[in-house]
Amino acid sequence: MNRIGHFLRAKTQYNLHSPFVYRLYTEALFSRARGHGRSFKDIVWRLERYYRLSHIELSTINYQLSTPDGLFLLVDHPHHREADWQALVGSPDWQVTIDLYRCGIAVRSPRLSKQHFLLR
């Protein structure tokens, strides 16, 4: 999917029906605490800050965070490896997947139901 197609299909916080994703989106990912950066490193920094985790060095592709809400897998530029990203989205091991275009987030938590979100 190209960037324009993603933007046209993606939702904002006003269309989120999951309390977990709404809270994550509004309080962690796109709070005004550090501008509007949406790069992979910025998303990792925001999640570490939100969950009060110590910084761990980034790999070039994936990054894992263990939080009280579950295990987070962050994927840098998921659309560059579309087949791998779609396999992750379809996997029953990951309950929630969030596509932010530049960054993909997969969450493993037994208390969440299987959902995929396309967000701006």
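Just so you know, these numbers come straight off a predicted model, no measurement behind them.
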To the closest 0.5 Å, what do you measure between [atom1] ([X]) and [atom2] ([Y])?
{"X": "Leu88", "Y": "Ile105", "atom1": "CG", "atom2": "CD1", "value": "11.5 Å"}
{"X": "Leu71", "Y": "Ser109", "atom1": "CG", "atom2": "OG", "value": "10.0 Å"}
{"X": "Asp84", "Y": "Asn62", "atom1": "CG", "atom2": "CG", "value": "9.0 Å"}
{"X": "Leu118", "Y": "Asp99", "atom1": "CG", "atom2": "CG", "value": "5.0 Å"}
{"X": "Phe72", "Y": "Leu47", "atom1": "CZ", "atom2": "CG", "value": "6.0 Å"}
{"X": "Leu65", "Y": "Glu48", "atom1": "CG", "atom2": "CD", "value": "5.5 Å"}

Hey, does Arg23 have a side-chain heavy atom less than 4.5 Å from the side chain of Tyr50?
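Answer yes - side chains close enough.
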Contact between Gln95 and Val107 at the side-chain level, heavy atoms closer than 4.5 Å - yes or no?
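No, side chains not in contact.
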Ring centres under 6.0 Å, that's the criterion: do His79 and Tyr101 meet it?
yes
Any donor and acceptor pair, going by atom type alone, linking the side chain of [X] with main-chain N or O of [Y] inside 3.5 Å?
{"X": "Lys114", "Y": "Val96", "answer": "no"}
{"X": "Arg108", "Y": "Asp93", "answer": "yes"}
{"X": "Ser91", "Y": "Ala87", "answer": "no"}

Residues Arg81, Val75; criterion side-chain contact (heavy atoms from CB on, under 4.5 Å); working and verdict
CA-CA 10 Å; Arg81 296 172 300 281; Val75 179; 3.5 Å; yes
Identify, with sequence neighbours excluded, every residue that meets ring pair (Phe, Tyr, Trp, His ring centres under 6.0 Å) alongside Phe20.
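Here no residue qualifies.
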Residues in side-chain hydrogen bond (donor to acceptor under 3.5 Å, both in side chains) with Arg111, at least two apart?
Asp69
Decide side-chain contact (heavy atoms from CB on, under 4.5 Å) for Leu119 and Leu29; before the verdict, give the C-alpha distance in whole Å, the side-chain angles of both, and the deciding distance to 0.1 Å.
CA-CA 11 Å; Leu119 301 176; Leu29 297 178; 5.6 Å; no
No-hydrogen, no-angle side-chain donor-acceptor test under 3.5 Å, Arg46 and Tyr51:
no
